Amino acid sequence: MDSIVKTLSELLILVPPILLAITFHEAAHGFAANFYGDDTAKRLGRLTLNPIAHVDRFGTIILPLMLFLLPGNLLFGYAKPVPVDVSRLRTPRWDMAKVAFAGPAMNFALAIVAVLAIPLAANLPTGLATTVLSMLDIFLFFNVLLGMFNLLPLPPLDGGRIVTAFLPVSLARPFMRLERFGIFLVIGLFFLVPMIGRQFGLQLEPFRALVLGPSEWVTKTLVGLLTQALS
């Protein structure tokens, strides 16, 4: 019984920060697309900060829950992608890159907000301060993690769409065709490569090298800058 209560308590601390990070990421894409001329998200009710509008059954609920229950400390998730009609953007090539960048940019902005909120939370009553600080720590790191992951130059991630804007048309078109295989590329890189490496006695950890490690560095740097500013 105690373990169930502990698990539920941990979920109550984990869920709000992760849900907010994912929701604001997708909403940022919608607001950016609307700003640059495409109102598709607005017409479909996705131009909102209401988490329910962005929840993906697997990516927002099942996947994070599975990772939470598995051994290890890896937590990840995603929301339903906000629909964007590239042809409705005023300058499709570059505006699409800006729309793509809006998601990670929102996550990094939220990470900064979390850092700035930490000293304020520390002044709350002891019990409440402990809970809020735990949620802020998760909110800070998950936003950095989500931002770094989405900047990877792989379609259909945001980084892939940003890279496309800088490629010559002759390369951009075949590169974007990879988007239909994007999920398999991600699974292959982050799950199959480590599994194959272990079969040969090699410790290959692309996710740690490309996402987790840099995210930890960015998080420590942000907290370090805040500490220096307050000292």
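If you read the sequence from its start, that first residue is 1, and numbering goes on from there. Since the structure is predicted, the reported quantities are computational estimates derived from the model, not experimental observations.
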With a sphere of 6.0 Å drawn around [atom1] of [X], does it hold more than 12 non-hydrogen atoms of other residues, nucleotides or ligands?
X     : atom1 : result
Arg43 : CZ    : yes
Arg90 : CZ    : yes
Trp94 : CH2   : yes
Ile52 : CD1   : no

Would you call [X] and [Y] a side-chain contact if the rule is heavy atoms closer than 4.5 Å?
X      : Y      : value
Leu140 : Val223 : yes
Val99  : Asp38  : no
Val82  : His54  : yes
Val55  : Leu19  : yes
Ile162 : Leu151 : yes
Leu152 : Val186 : no
His25  : Asp158 : yes
Phe149 : Asn107 : no

>> Quick one: does any side-chain atom of Asn150 pair with a main-chain N or O of Leu146 as donor and acceptor, under 3.5 Å?
In response: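 Confirmed, Asn150 side chain pairs with Leu146 backbone.
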> Checking Arg46 side chain against Pro81 main chain: does a donor-acceptor pair fall under 3.5 Å?
Replying inline: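 Such a contact is found between Arg46 side chain and Pro81 backbone.
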Any idea which heavy atoms bring [X] and [Y] closest together, and the distance?
X      : Y      : value
Leu89  : Ala33  : CD2-O, 3.9 Å
Phe139 : Ala114 : CD2-CB, 3.8 Å
Leu133 : Ile118 : CD2-O, 3.6 Å
Arg161 : Pro156 : NH1-O, 2.9 Å
Glu26  : Ala79  : CG-CB, 3.6 Å
Leu226 : Val115 : CD2-O, 2.9 Å

As an exercise, state the distance from [atom1] of [X] to [atom2] of [Y], rounded to the nearest 0.5 Å.
X      : Y      : atom1 : atom2 : value
Leu136 : Thr131 : CG    : OG1   : 11.0 Å
Leu20  : Phe142 : CG    : CZ    : 11.0 Å
Leu192 : Phe184 : CG    : CZ    : 11.0 Å
Glu216 : Phe141 : CD    : CZ    : 5.0 Å
Ile196 : Arg198 : CD1   : CZ    : 10.5 Å
Lys42  : Leu44  : NZ    : CG    : 12.5 Å

> Could you go step by step and tell me if Val113 and Asn143 meet the side-chain contact (heavy atoms from CB on, under 4.5 Å) rule?
Replying inline: CA-CA 10 Å; Val113 170; Asn143 270 293; over 6 Å; no
>> Which residues pass the side chain to side chain donor-acceptor pair (under 3.5 Å) test with Ser170, not counting sequence neighbours?
In response: none
>> Just to verify, what does Asn50 make a side chain to side chain donor-acceptor pair (under 3.5 Å) with, not counting sequence neighbours?
In response: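 Side chain to side chain donor-acceptor pair (under 3.5 Å) list for Asn50, sorted by chain: empty.
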> So Phe190 and Phe207, would you call those rings parallel, tilted or perpendicular, with 30° and 60° as cut-offs?
Replying inline: perpendicular
